[in-house]
Structures are given as structure tokens and as C-alpha cells.
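A quick note: this is a predicted structure, and the numbers were derived from the prediction, not measured. In what follows, chains are A, B, ... by sequence order, proteins preceding strands, each numbered from 1.
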2 protein chains.
Amino acid sequence: MKKRVTIHDIAKELNTTAATVSRALNNNPSIGMAMKKRVQEMAKKLNYRQDRIATSLRSGKTFVIGVIIPSAKISFFGSVVHGIESIARKSGYQILLFQTNEKYSNEKEGINTLLQSNVDAIIVSISKETTNYDHFLEVKEQGVPLILFDRTNDTLGFPSVVIDDFKGAYMATSHLIDQGYTNIAHICGQQHLKIFEDRLLGYKAALEDRGLIFKEENIVSGDVSIQSGEKAAEVLLNLAERPDAIFAAEDFMALGALQTLKKHKLHHPGHFGLVGFANESFGEYITPSLTTVNQRNIEMGEEAAKLFLSLPTKNLYNDQKPSKIILKPELIIRESSSSKLSK
Amino acid sequence: MKKRVTIHDIAKELNTTAATVSRALNNNPSIGMAMKKRVQEMAKKLNYRQDRIATSLRSGKTFVIGVIIPSAKISFFGSVVHGIESIARKSGYQILLFQTNEKYSNEKEGINTLLQSNVDAIIVSISKETTNYDHFLEVKEQGVPLILFDRTNDTLGFPSVVIDDFKGAYMATSHLIDQGYTNIAHICGQQHLKIFEDRLLGYKAALEDRGLIFKEENIVSGDVSIQSGEKAAEVLLNLAERPDAIFAAEDFMALGALQTLKKHKLHHPGHFGLVGFANESFGEYITPSLTTVNQRNIEMGEEAAKLFLSLPTKNLYNDQKPSKIILKPELIIRESSSSKLSK
DNA sequence: CTGTTAGCGCCTTCAT
DNA sequence: ATGAAGGCGCTAACAG
């Protein structure tokens, strides 16, 4: 365990003081070129490396962004983290990662740990289980910027990044209508999550705008699992008036529905319409490949990081309306999971 | 921006000193129960939160593990990070994440930043581009534990976690032989990466052990992309002695191969054998679903974290042979991408 | 331009 | 069982 080289060591070698070395290394204008050069050379020679901990303690800034996500193993969140890190690093920020596994208690603990670590900002996607938001308000009280993405809550006054779920669902449903399907069902997600609520609303709006009647029995809810998608589709296929297409609020459920369609030999392109809502990368690879709504994973992370970087240092939470970035969804039409042979 | 509550504030309220408060909060046995209780209550009342930065500066320990991966958007690495974080957190460690995007320069920068941050350990999967390992040796010199996973290098003397690629490839190839295929080709990965070298060796060994002849023209190399898999399969199908099965060193290439097989109408189960090597989650969902080798993503992360936690504090790098955890691969046989109808 | 001094918040000897 | 004092490595205010 080698002892750390400090600015004092450099100072001693150069017969000067730590303050001068510090200034030289930080490119302070009051230091002469000659001195700067000597310091830099000695720093390299001694293999000096700044101690971020000490710097943070002194300056009150850590250059660390805390990121709280349900799980890094969910491809959507992995991609968002990728986006956040890429942008953050360009400005010298590091990422401290915390997973909740969808648990409220972990989320609370995560916020606490990150505050203990004096992170300069926190970026969060709310856990499914969370219904109490006091821990987020605590962050606000501490004056630490908090940014929500995807799983957001508009009532708390935090800046956020989302995609337009309503519009995405509207587009997905409209696409099915365009293809000539007329009895379109919807496998919805947990309605206490805004994203799923919006998708249901988008679905309804599309039906209405195009003169199709909305039927309560065409809505079956799932829990974002393949199994729930399978079961939901089974229910839908057994309806007296069997739907001819399904819009699933999420790709795993769409995938489950696809398994059921296969079981019923309905999976051949053109026989039955199916559109999902992307949070996974597999849509491209399954057969028939899945038409879906692009959730712009990486961009979402990038935007969240940029949002923080653009935040004012003072009066952080004084705006009456925090910035809200709404990414435009994009329909990814693949092969023919959603197309129809004859009208 | 509220001012932070410190142990001094608690001390003042209680007419005692910071030292006592610190001891009480750290459950030091020399503090009486009464005092401890009073301190704890006041801490809660004032909403005290320990400052990890200050603690780290003083103690020299940050309780942070630096993790360097090519990219969080690659599902394999996301899962590994998930595994690392889960285990680490149980022992109070946080994860500082750094992505290289497969760039050597980023990897070097990452190591440097993490050392600046005084992380207690670094867990790395080496970037594809890296051929110079001095930055890792620097970590060793600083006395910081470094653990490699998946993309490792045995010559550097670091503990590591891998799966047995040789065995995985051997199992995959043997499975195809068991199914009755006799002319099995291999789409290999970059041979300067040990994992791909081992997979090729495993493939060869399986052929040899079962009395099948190895043919140089049955090996086509790809670069871990779908496109390269497609092209490689195209080459293989045009051979004079067309193979009847393919073992791809990696799932994306297997997927590409599958596209080519579909184009040639060879994708129906039993007509042509295909096995991949998993780093993605889609194998389960494609049609026909892909037989593959389980790379134990999450476990790999868990084991890497456990490895660090079990490391001796002193004489870290004095062992002549660093621990090497070799996870056992597991063949995931799905549907019939790899089965054969008739011998 | 450069040196001196004084902490950031915490923990840990050394006293008492 | 508790206080006093010092310092982890760095930077900022105040001198010159």
C-alpha cells in the first residue's frame, strides 16, 4: 500500500507551498507560467493524482451524480444509464449507481445513501412499489437537484424526462387501425403508474378519433411479465367478439401475447395485429418481429443528464413549473406483426 | 440550500463534544447507554446524516467499488452490474460506474478517475481494444484490489471471474454431435480475446473426442455483430461440403446466422443445427428459440463482488496465484434449433 | 505573484 | 466515560 503523493510533496520538492501547487494545478491565473510548468512536471514525475475526496470535502462539490433505477439488468434502464454516463462524463461527472429492485424501502435507503455521499444531483426512475414520496421531498429540502425519468410524478415539482406515452399509444393504435383492424384490444399495465395510464388513454383516444367503439371487455390488465401477457391474450381470444388485434402496453406482455397467438395459430403475419411498447431489445429478433414504440432509452438518459447540467445553481426549485422534456415516441414497424393481408 | 447538520450541532444541543457524539453514533463501547440514546434521539430530531466524504477522508476508506465495463447498454454487462451492486450493497458498498465503449483511452481514464476517487476496489471487464495493461498494473502498485471478469487476462496476476468457455463450447458442440449432426461449422470471435480463443478450442476438442474431423474451412470469423453472423453463415452454406450445423461463439452472430438460414429455408427445427453462446436475453424469444450456453451473467457479478469482499486486507497481491473463479457453463436447450429429426 | 492560515466533517489518539 | 487536539488532502481568504 503506497502512501499517497500529495501537493505538499510536490511543494517540498519545489521549495514552495501547497497553496501554490494547488493553484498551479488548477490553472489559477495568478500563477506564472514558469511555476506552472515546474509544478506540472514535478506532479508527473512524482505520479501525483488529485484526491477527489479531499477536494470534495473542501469544495462541497463531488462531481458525482447518483442514479437510482429499479434494476440494471432490465435492458431499458441499462441503456438509460449508458446515456446518463456518456453525457455526464464529458463534464467530469461520475455515476454512483443504486438499484431498488422495485422496492420502496430500497429507494428510500438509496436516497439517503446518496445524500450522505453528497452527490451533486440525483436522477431517479421511481420504483413500482412507491406511493409515498417524502424521501424525494427531502432531497429538495437539502437543495440537491433531483430529476425523474420515465417513471415520474408530476405533482412533486421535479424536472423530468419522459416520452409521450399518450402519443405513443395513440400512434400504435392508429397504426393497427390503418392496417384495417377494427376490433383492437389492449393489454394494459398497472394503472397507478402514469405511463400505463397514459397509454390506455392514448389507445382510447385513437379508437374514438377513428370512429371505433371502445369496449370495456377489450381491456385486460397485466403486470409487465410474459406470463401476464399470455394470460391476458388468452382471455381476449375467448371473448364472444374476438378481437383481431392487440396493442400491449409493454413489450414483455406483447411477447406473452405472441406466445398465445402462436398456440392458437394466429401468429402469421396479417392474421392478427400485434403492437408492443418497447423497453427491451428483443422486438427486432423475435418471429414475427414485433412492431413496437421506440422509447428512446439512451436519449432519455442523455436528456436527463443534460437537464441537470443546464440547471441553474441558485434558486434551483423556485420555478413554478419545472422543466419537463417530452421525447417524441416513434413507431417501429417491423415485418408484419401488425400488418393485415386484406382489408 | 440548507446547511448540513454535523456532529458538532448534536454535541452543542447536548452540551457535550463532537468526539462523544461520533463515538455514540458509531456504537463505541466506551459510551454509556444513556448517552447513546440521547445522541441518537437528537440525531434523529435534527435530521442528522453522516457525511461519507468526511468519513472517507478521515478513514481512508470510501466504501465505494469502481466498476469499469464496455457499456451498460449491453445486456450482459447490465446484468453483471446488477449482480455486483446487489452483493456489494449488503456490505455497505456503493458502485461507481464507468463505461469504456470498448476504448483503451477511456479505460485508462476510468482507472485514473477511480483511483482519484479512492475507491476501495475496482472490478473490470477489459475493453476489446486494450492490448497494453500498464494502467491495471498501476492499480496494483497503489495497493487497490482489482478484479477482472469475463474479459480477463491471466498474465497480470489479478483475481478473476469467468465462465469456462472451453467447456461451454465443448458442451455446445457435443450437443450438436449428440443430435446426429456430423459436419459442424463454427463462427468464431476475435481470437485475441481469450474467451473466443477458448471457445474455438472447445469446439475443436469436442470434434476430436467424438472422432469427427476438423476442417479449417468450417471456421469463419465474425466480430460479434448480427451482420457478421449473417455473412459468415452465407460463406458456410456455400462450401462444397455444406455443414449441417453451426456453433456460433456468441448469440448475436448466431442470430445473424439464423437470418441466413431462414433466407435459405433451412431454419426449420431438425433441418439444420444451431447453437449460440449467450450474452443476450433474446435467445428465448426468437423463433425457433435458440439453444445457447448460459453465461451466468448475474452470478458473475455476484462472484466478483464476493471475491473482493473475501480478499485479505493485507498482502493483497502477495499470493503467487490469485483466485480465479470459473463458473460452470450450462447448456440451455430450447425448442429445436439444435435438434435433428432423423439421423 | 506567492505564502500563511484556517478550516470542510469526521475520527482517533492521548489525556483525564 | 468523556474532552481536547490534531489531521486526512485540499482550497480559499487574507496578506504581503
Side-chain angles (χ1 to χ4, degrees), chain A residues 1-40 42-43 46-64 92 115-120 142-143, chain B residues 1-40 42-43 46-64 92 115-120 142-143:
Chain A
M1 189 85 78
K2 264 167 77 176
K3 201 168 161 345
R4 197 177 188 98
V5 177
T6 74
I7 50 176
H8 290 99
D9 299 321
I10 299 178
K12 198 176 296 176
E13 293 288 322
L14 262 38
N15 282 318
T16 178
T17 64
T20 302
V21 173
S22 172
R23 282 190 274 247
L25 291 173
N26 290 306
N27 208 26
N28 185 310
S30 72
I31 298 288
M33 278 306 293
M35 193 64 195
K36 267 183 194 161
K37 195 143 193 192
R38 291 179 62 211
V39 168
Q40 274 152 12
M42 186 54 70
L46 297 182
N47 196 19
Y48 169 77
R49 186 175 282 124
Q50 188 188 40
D51 186 327
R52 290 180 72 129
I53 299 292
T55 306
S56 297
L57 181 62
R58 183 63 237 248
S59 68
K61 210 166 178 317
T62 52
F63 276 97
V64 172
L115 287 178
Q116 286 187 174
S117 299
N118 281 324
V119 293
D120 292 342
Q142 298 299 320
Chain B
M1 190 87 76
K2 263 168 77 177
K3 202 170 159 346
R4 198 177 188 97
V5 176
T6 73
I7 49 175
H8 290 99
D9 300 322
I10 299 177
K12 199 177 294 176
E13 293 289 322
L14 262 37
N15 282 319
T16 177
T17 64
T20 303
V21 174
S22 173
R23 282 190 272 249
L25 291 173
N26 290 307
N27 208 25
N28 184 310
S30 71
I31 299 288
M33 278 307 292
M35 193 65 199
K36 269 183 194 162
K37 194 148 192 183
R38 291 179 62 213
V39 168
Q40 273 152 12
M42 185 54 70
L46 297 183
N47 197 18
Y48 168 77
R49 186 174 282 125
Q50 188 189 41
D51 186 327
R52 290 180 73 129
I53 298 291
T55 306
S56 297
L57 182 63
R58 182 61 237 250
S59 68
K61 210 166 176 320
T62 53
F63 276 98
V64 172
L115 287 178
Q116 285 187 175
S117 298
N118 281 325
V119 294
D120 292 343
Q142 298 298 320

- Roughly how many Å is it from CG in B:N26 to P in D:dA1, rounded to a whole number? 17 Å
- Item | Between D:dT11 (P) and A:Q50 (CD): distance, integer Å | 5 Å
- Task: Quickly work out the A:R58 CZ to D:dC8 P distance and round it to whole Å.
- Result: 15 Å
- Item | Nucleic acid contacts - residues 6-14 of chain B versus DNA chain C, non-hydrogen atoms under 4.0 Å | B:T6, B:I7, B:H8
- Note on the structure: With both pairing distances under 3.5 angstrom for Watson-Crick or G-U wobble, and | for a partner in another strand, the correct string for DNA chain C is ||||||||||||||||
- Minimal heavy-atom distance between B:R49 and B:R4, with the atoms involved, is O-NH2, 3.4 Å
- Side chain of B:T20 (C-beta onward), nearest among C:dC11, D:dG3, C:dG3: D:dG3
- Residues that B:D9 engages under salt bridge (Lys or Arg N to Asp or Glu O under 4.0 Å), provided they are two or more places apart: none
- When rounded to the nearest 0.5 Å, the distance separating CZ of A:R58 from CD1 of B:I53 is 15.0 Å
- Message: So, taking the atom named CZ in A:R52 and the one named CG in B:N118, what distance separates them when rounded to the nearest 0.5 Å?
- Response: 10.5 Å
- Item | Selection: residues 28-35 of chain A, any non-hydrogen atom under 4.0 Å of DNA chain C | A:S30, A:I31, A:G32, A:M35
Would you tabulate the nitrogen or oxygen pairs shorter than 3.5 Å linking the protein to nucleotides 13-16 of chain C?
unit_1: C:dT13; atom_1: O4; unit_2: B:R23; atom_2: NH1; d: 3.4

- How close do A:A11 and A:A18 get, heavy atom to heavy atom, and via which atoms? CB-N, 3.6 Å
Enumerate, atom names and distances included, each donor-acceptor pair closer than 3.5 Å involving a side-chain atom of residues 23-30 of chain B, sequence neighbours excluded.
unit_1: B:N26; atom_1: ND2; unit_2: B:S22; atom_2: O; d: 2.9
unit_1: B:N26; atom_1: ND2; unit_2: B:S22; atom_2: OG; d: 3.4
unit_1: B:N27; atom_1: OD1; unit_2: B:K36; atom_2: NZ; d: 3.1
unit_1: B:N28; atom_1: OD1; unit_2: B:S30; atom_2: N; d: 2.8
unit_1: B:N28; atom_1: OD1; unit_2: B:S30; atom_2: OG; d: 2.9

- Query: In whole Å, what is the span from the CZ atom of A:R4 to the C1' atom of D:dG7?
  - Reply: 16 Å
- About how many Å separate OH of B:Y48 and NE2 of B:H8, when rounded to the nearest 0.5 Å? 10.5 Å
- Query: Please give, in whole Å, the distance from C:dG9 C1' to A:K61 NZ?
  - Reply: 19 Å
- Distance (rounded to the nearest 0.5 Å) between A:I7 CD1 and A:D51 CG: 10.0 Å
- Message: If you only use heavy atoms from C-beta on, which nucleotide in D:dT2, C:dT12, C:dG3 is closest to the side chain of B:S22?
- Response: C:dT12
- Rounded to whole Å, the CD1-C1' distance (A:I53 to C:dC11) equals 15 Å
- Item | From A:M33 atom CE to A:R38 atom CZ, the distance as rounded to the nearest 0.5 Å | 13.5 Å
- Query: Can you check the B:N15 CG to D:dA1 P distance for me, whole Å?
  - Reply: 20 Å
- Query: Measuring from A:I10:CD1 to A:L46:CG, what's the distance to the nearest 0.5 Å?
  - Reply: 6.0 Å
- Task: Please check if the side chain of A:S59 supplies one atom and the backbone of A:K61 the other of a donor-acceptor pair under 3.5 Å.
- Result: yes
- Can you find a heavy atom in the side chain of B:Q142 that is under 4.5 Å from one in the side chain of A:N47? yes
- Query: Between B:M42 and B:L14, which heavy-atom pair has the shortest distance, and what is it?
  - Reply: CE-CD1, 3.5 Å
- Message: Once you apply a heavy-atom cut-off of 4.0 Å, does A:S59 come out as touching a base, just sugar-phosphate, or nothing?
- Response: nothing
- Report which part of the nucleic acid A:S56 touches: base, sugar-phosphate, or nothing (heavy-atom distance under 4.0 Å, all strands). nothing
- Separation of D:dA1 P from B:K37 NZ (nearest whole Å): 18 Å
- Measure from the side-chain heavy atoms of A:L57 and tell me the nearest of C:dC10, D:dT11, C:dC8. C:dC8
- Message: Walk me through whether A:T55 and B:Q116 qualify under side chain to side chain contact (heavy atoms under 4.5 Å, CB included).
- Response: CA-CA 10 Å; A:T55 306; B:Q116 285 187 175; over 6 Å; no
